[in-house]
K.L.:
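Starting off with a structure, shown below.
These values consider heavy atoms only, across backbone and side chains, with no hydrogens, waters or symmetry-generated copies. Labels below follow one simple rule: chain letters A, B, ... track the order of the sequence lines, proteins then strands, and each chain is numbered from 1.
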There are 2 protein chains.
Amino acid sequence: MKKKRPSLKDIADALNISTTTVSFVLNGKGEEKKISKELIAKVEAHLKEINYKPNLVARSLRTGSTRVLVFMVEDISNSHFSKVGRIIEDISYKNDYRVLFCSTENDVKRTQDLIHLFHERQVDGFIIVPPPGIEKEISYLLENEVPVVLFDRKIPDLEADYVIINNFEGAKQSTQHLIDSGYKNIAFITIDLDQIQMHDREAGYIAALEESGFSPNILKIPYDTSNIPSSREKIKKFIEKNKDIDAIFFATNYLSQSGLKCIHQIDAKLINKLGIISFDDSNFFEMYSPTVSAFAQPVDEMANQLMKIMLSKLKNKEQGVPSKVVLDGTLVTRESSLKK
Amino acid sequence: MKKKRPSLKDIADALNISTTTVSFVLNGKGEEKKISKELIAKVEAHLKEINYKPNLVARSLRTGSTRVLVFMVEDISNSHFSKVGRIIEDISYKNDYRVLFCSTENDVKRTQDLIHLFHERQVDGFIIVPPPGIEKEISYLLENEVPVVLFDRKIPDLEADYVIINNFEGAKQSTQHLIDSGYKNIAFITIDLDQIQMHDREAGYIAALEESGFSPNILKIPYDTSNIPSSREKIKKFIEKNKDIDAIFFATNYLSQSGLKCIHQIDAKLINKLGIISFDDSNFFEMYSPTVSAFAQPVDEMANQLMKIMLSKLKNKEQGVPSKVVLDGTLVTRESSLKK
DNA sequence: CTGAAAGCGCTAACAT
DNA sequence: ATGTTAGCGCTTTCAG
């Protein structure tokens, strides 16, 4: 049963009217264009009957807009990002945009490919968690007046809109919380990545310790191995070597998960002696035993701000001064950071 | 700096040649079309210089192909699906296709929207984990000769290609493993969903028990609440009520994760007394304490078969008899299913 | 109130 | 060896 997809023209021919009329009805402009009630009804009935689906590729070529946005994050399966994504999707939908999700894995090459892929396919806007080294592609988009909003981290020296949180304050508060709980020897396990949000978290950690007269103890793991055995080895060795540590502050939620596993491997009882807190929350933390404290980012607000900026850029092609939004997070205290 | 995106025509004009020539060079058909080396070099140099990006929307409209595939699964963040997705992406890339990922959440409405969204945008093929009730949309795609391959589950009475695993055998083997480990009172916790793969898993469980003369003990959780507190309550009550249970077989990896949390809440020591096995593996199971046994699906092979079928459908528009592939999984035994 | 027709950027059959 | 040109399916201006 060979069914050539029906086109607007086919419909017009079948009804003996012009494609213009069909197009107007299709786009709900019937009233506006003063097409008679009867004709509108007739066309709509026919559209329904043959279950007509317009060819949006043709429409996009004509209108110059795909009504598609792209949401590119480090890892869409990370609950922090997927929660933001979900809200973005809702807001977009209400504004007649669809959103495509993808993971950069913090890999420049992959991110470049994705940006080109979507830009060539004419998506209308990008919301991006930029991996290190992606400045050039972002600038390229900006020069071509493609709406771009960064989040989670900014790119220094780039005049782009962004929504981030105050990483320094968050890290400082988290560290302070451990200090307040009575921990005295707090280690910081982070990713060895030259990104501003990581630097800020480290600085916040150090600042809190210094105020209380404690000294920092930092382990940096290479990013590319953060999910595989070798990084776990590093964490394991670090913990075994530093017997005096009584608490650990992990710089990201996935580091915490790796770390928790290491701690368990070293000694099943160890987890109950150590104070633990994680930057970024995770569903997993509520399931773990003990439940894990975290510094949570304001997911709803981030998504709302992101879309507010994006929609305004989509509306006014002329872009004024970039919006630079810095939000505050919230400390979520659970069992892992109580004094043992 | 208003930069109108350059078109093929702009380039042709700039170089004083025709768009045909530029198009041929752009598509690497220069040699084939016997365009002189010098001209090819000149055009390529210019393309590079202005960093030309073709408008793929226009190309797609013209060629009728977007070279985009869609991979729709229940939840792309579930490691079972994301692993398959990763391989699919690799194979697609090598064949010059890009793939878009999305989650159906097993929701018909959402899946319908996604199918329409992508079909209207003319994607070239769909790889789908079909939620219950999606038959009509799948048939629609089939009738319109859009390549579709189902996986993880088939739709009874629908003549579609699919790649699934032998759920009955897998469940039977898993149950048998618990029996072999000495457990005598094995419960089965599953999702109350009228889907064939769930029925098969249940049947496999029952078959194994019957062969050994044990009797089944099944809890069915409504799907829509599987991730939220109420389902955990159900699991909790079930476990508390059935004190004699010495092992539990969870029908999916996310059920296992919920279940593990419940078990922990009831009694932190309980997990060490109960035998646990999960259908579908998860990264989480290696991290948990104890590590969790699982019946793992053959991820690589599934992805390869899926793409083999998809690529052949993409090549030969005429579709013959649907390919129906049923694979075997592997039992991965870890700490949780050893005799305690 | 409705229709004719131009054109979005690209490809490829057909000319030359 | 390179150019001319007709569309792909749709929107929208302008005419009637």
K.L.:
Quick one: B/Ile50 CD1 to C/dG9 C1', roughly how many Å, whole number?
P.N.:
14 Å
K.L.:
Without hydrogens or angle criteria, can the side chains of B/Ser23 and B/Thr20 be said to hold a donor-acceptor pair below 3.5 Å?
P.N.:
no
K.L.:
Please answer whether the main-chain N or O of A/Arg98 pairs with a side-chain N or O of A/Ser92 as donor and acceptor at a distance below 3.5 Å.
P.N.:
no
K.L.:
By nearest atom, which of the nucleotides D/dT12, D/dT5, D/dC10 is closest to the A/Leu8 side chain?
P.N.:
D/dC10
K.L.:
Using heavy-atom distances to pick each residue's nearest nucleotide on DNA chain D, tell me which of A/Ala58 and B/Thr21 is more 5'.
P.N.:
B/Thr21
K.L.:
For the side chain of B/Thr19, counting heavy atoms from C-beta on, which of D/dT11, C/dG9, C/dT11 is nearest?
P.N.:
C/dT11
K.L.:
Say whether, by atom type as modelled, one donor and one acceptor occur between the side chain of A/Asn316 and the main chain of A/Lys313 under 3.5 angstrom.
P.N.:
no
K.L.:
Output the rounded distance in Å from CG (A/Leu39) to C1' (C/dT2).
P.N.:
8 Å
K.L.:
Quick one: A/Ile35 CD1 to C/dT2 P, roughly how many Å, whole number?
P.N.:
6 Å
K.L.:
Ignoring backbone atoms, establish whether B/Tyr52 has a side-chain N or O less than 4.0 Å from OP1 or OP2 of C/dC10.
P.N.:
yes
K.L.:
Counting N and O atoms only, with roles assigned by atom type, does the side chain of A/Arg121 sit under 3.5 Å from a partner on the main chain of B/Val57, one being a donor and the other an acceptor?
P.N.:
no
K.L.:
Toward the 5' end of DNA chain D, which comes first, B/Arg62 or B/Ser36, by nearest nucleotide?
P.N.:
B/Ser36
K.L.:
Send over the distance from A/Asn16 CG to C/dG3 P, rounded to a whole Å.
P.N.:
9 Å
K.L.:
Give the nucleotide from the list C/dG9, D/dT12, D/dT4 with an atom nearest to the side chain of B/Leu61.
P.N.:
C/dG9
K.L.:
How long is the line joining CG of A/Asp13 and C1' of D/dG9, in whole Å?
P.N.:
13 Å
K.L.:
A/Phe71 pairs by ring pair (Phe, Tyr, Trp, His ring centres under 6.0 Å) with which of A/Tyr97, A/Phe118, A/Phe101?
P.N.:
A/Phe101
K.L.:
Can you tell which of C/dT11, D/dT2, C/dG3 lies closest to the side chain of B/Asn27?
P.N.:
C/dT11
K.L.:
Between A/His116 and A/Glu137, do the side chains contain an N or O donor and an N or O acceptor separated by less than 3.5 Å?
P.N.:
yes
K.L.:
B/Ser18 side chain N/O closer than 4.0 Å to the phosphate oxygens (OP1, OP2) of D/dT2?
P.N.:
no
K.L.:
Does C/dC1 have its OP1 or OP2 closer than 4.0 Å to a side-chain nitrogen or oxygen of A/Lys37?
P.N.:
no
K.L.:
When the distance from CD1 of A/Ile17 to P of D/dG16 is rounded to whole Å, what number comes out?
P.N.:
21 Å
K.L.:
Could you state the CG-C1' distance from A/Asp10 to D/dC8, rounded to the nearest angstrom?
P.N.:
13 Å
K.L.:
Counting side-chain heavy atoms from C-beta on, which of C/dT11, C/dA4, D/dT5 comes nearest to B/Thr20?
P.N.:
D/dT5
K.L.:
Take atom NZ of A/Lys9 and atom C1' of C/dG3, then tell me their distance rounded to the nearest Å.
P.N.:
12 Å
K.L.:
When we call it a touch if two heavy atoms are under 4.0 Å apart, what does A/Leu56 touch: a base, just sugar-phosphate, or nothing?
P.N.:
nothing
K.L.:
Compare the minimum distances between each of C/dA13, D/dC10, C/dG9 and the side chain of B/Ser7, then state the nucleotide with the smallest one.
P.N.:
C/dG9
K.L.:
Counting the atoms with a prime plus P, OP1 and OP2 as sugar-phosphate, which does B/Lys29 contact under 4.0 Å by heavy atoms, base, sugar-phosphate, or nothing?
P.N.:
sugar-phosphate
